[in-house]
Amino acid sequence: MKRVGVVVFPGTNCEQETIRAFSVPGQYEVTEVWYDNPLPSGLDLVILPGGWSYGDTLRAGTIARFSKVMTGIVEHAKAGGFVLGICNGFQILTESGLLPGALARNEHLRFRCEVVHCRVEQCNSPFVQSIKSGSVYPLPIAHGEGRYVADEKTLERLEANGQIALRYSSPRGITTNKSNPNGSLRNIAGIVNRDGNVMGLMPHPERRANAITGGDEGLALLHAWSK
């Protein structure tokens, strides 16, 4: 059985959806982790869920990176443990240096809350390797600072190393400006670190995890690492 820790910061608001997405008897044991406590030992996956940690004061994720739990998360990642950051979690991972680049204000400075389509890229990471490259998933977004930015050298390195996990696309998997909801460079919706054990994505797969509420396509992305 895989042990999953879901971290809760002041302002986190997606922890319950995330916990339910991993509530699979006999497959996962889920622990809620408070931001001001040390990271429990023995976790297989640590998840930083979506929300507005510390009210996105100063910049999204910039205060949460200094929380006590982050010391253990950085050590967990450096030891090869899996870390997944969703939306605000992605922002925290870039602010803490576990992922390259940054998440900036959306193009046109508008908050975007809608369902978009994301294409799975050929990526050197267990987070997506069990998913067929080119697969397209409808996934919800809800963010004001989701535009992925990085310098050209970093972008080229992400491409060359297979670190781009998801791109915003049309339902048929075509990347266009129209399919890009926030102006992310190269339509990037999710990336992994060089070792492939840390992933950040702006869409919310945990909000697409139950057919009753619109679809369960997000479960494939959430559970792929443990296949």
Side-chain angles (χ1 to χ4, degrees), residues 4 6 12-24 45 47-52 60-61 82-94 99 101 103 106-107 110-123 125-148 163-192 198-227:
V4 177
V6 178
T12 297
N13 64 7
C14 295
E15 71 274 16
Q16 293 306 314
E17 295 97 321
T18 304
I19 289 170
R20 282 195 294 271
F22 284 92
S23 297
V24 183
L45 171 67
I47 303 177
L48 283 67
W52 286 270
F82 289 107
V83 179
L84 175 64
I86 302 171
C87 195
N88 189 227
F90 187 7
Q91 295 161 340
I92 296 169
L93 292 179
T94 59
L99 288 175
L103 283 307
N106 292 349
E107 194 173 45
R110 296 172 182 169
F111 182 85
R112 300 297 297 267
C113 183
E114 60 198 82
V115 174
V116 300
H117 288 83
C118 293
R119 186 183 73 200
V120 178
E121 302 296 280
Q122 188 167 354
C123 177
S125 170
F127 280 112
V128 295
Q129 278 183 347
S130 65
I131 301 173
K132 183 180 178 181
S133 178
S135 299
V136 178
Y137 290 91
L139 297 171
I141 60 168
H143 58 249
E145 296 180 50
R147 179 168 59 94
Y148 182 78
Q163 291 178 246
I164 299 175
L166 297 172
R167 294 187 207 264
Y168 299 111
S169 74
S170 71
R172 299 181 64 179
I174 301 170
T175 55
T176 64
N177 289 335
K178 185 177 180 180
S179 65
N180 187 335
N182 51 34
S184 286
L185 298 181
R186 304 197 184 192
N187 280 56
I188 291 173
I191 63 170
V192 299
V198 179
M199 178 175 173
L201 71 162
M202 285 310 298
H204 286 269
E206 82 285 358
R207 295 185 182 179
R208 193 85 176 187
N210 191 315
I212 296 176
T213 56
D216 59 3
E217 296 90 346
L219 291 175
L221 287 169
L222 291 170
H223 296 172
W225 66 279
S226 61
K227 300 297 184 184

Does any non-hydrogen side-chain atom of [Y] lie less than 4.5 Å from one of [X]?
| X | Y | value |
| --- | --- | --- |
| T175 | S169 | yes |
| L48 | V83 | yes |
| L221 | L139 | yes |
| I47 | F22 | yes |
| H117 | S179 | no |
| L45 | F127 | yes |
| L84 | L201 | yes |
| R172 | V136 | no |

Just by distance, do the side chain of [X] and the backbone of [Y] share a donor-acceptor pair under 3.5 Å?
| X | Y | result |
| --- | --- | --- |
| S130 | P126 | no |
| R208 | P140 | no |
| H204 | P49 | no |
| R112 | P181 | yes |
| D216 | A211 | no |

Would you name the heavy atoms of [X] and [Y] that are closest together and state the gap between them?
| X | Y | value |
| --- | --- | --- |
| L222 | A21 | CD1-CB, 3.6 Å |
| P203 | P205 | O-CD, 3.1 Å |
| K132 | V120 | O-CB, 4.3 Å |
| C123 | V128 | CB-CG2, 3.4 Å |
| G200 | L99 | N-CD1, 3.5 Å |
| N88 | G61 | ND2-N, 3.9 Å |

### Message
Taking the basic N atoms (NZ, or NE/NH1/NH2) and the acidic carboxylate oxygens, is any pair closer than 4.0 Å for R147 and E107?
### Response
no

Can you tell me how far [atom2] of [Y] sits from [atom1] of [X], rounded to the nearest 0.5 angstrom?
| X | Y | atom1 | atom2 | result |
| --- | --- | --- | --- | --- |
| S184 | L166 | OG | CG | 11.5 Å |
| M202 | E145 | CE | CD | 8.5 Å |
| I131 | S125 | CD1 | OG | 10.0 Å |
| S135 | E217 | OG | CD | 11.5 Å |
| I86 | Q91 | CD1 | CD | 12.5 Å |
| C118 | I188 | SG | CD1 | 12.0 Å |

### Task
Step through the shown structure and confirm whether more than 12 heavy atoms of other residues, nucleotides or ligands are within 6.0 Å of CZ on R110.
no

### Task
Applying ring pair (Phe, Tyr, Trp, His ring centres under 6.0 Å), name anything that partners Y137, two or more places apart in sequence or on another chain.
none

### Query
Which of parallel (below 30°), tilted (30 to 60°) and perpendicular (above 60°) describes F82 and W225?
tilted

## Note on the structure
Tested for side-chain hydrogen bond (donor to acceptor under 3.5 Å, both in side chains) against Y168, the lone hit among N177, N187, N182 is N182

#### Entry: Test salt bridge (charged side-chain N to carboxylate O under 4.0 Å, His left out) applied to E121 - qualifying residues, sequence neighbours left out
R119, R167

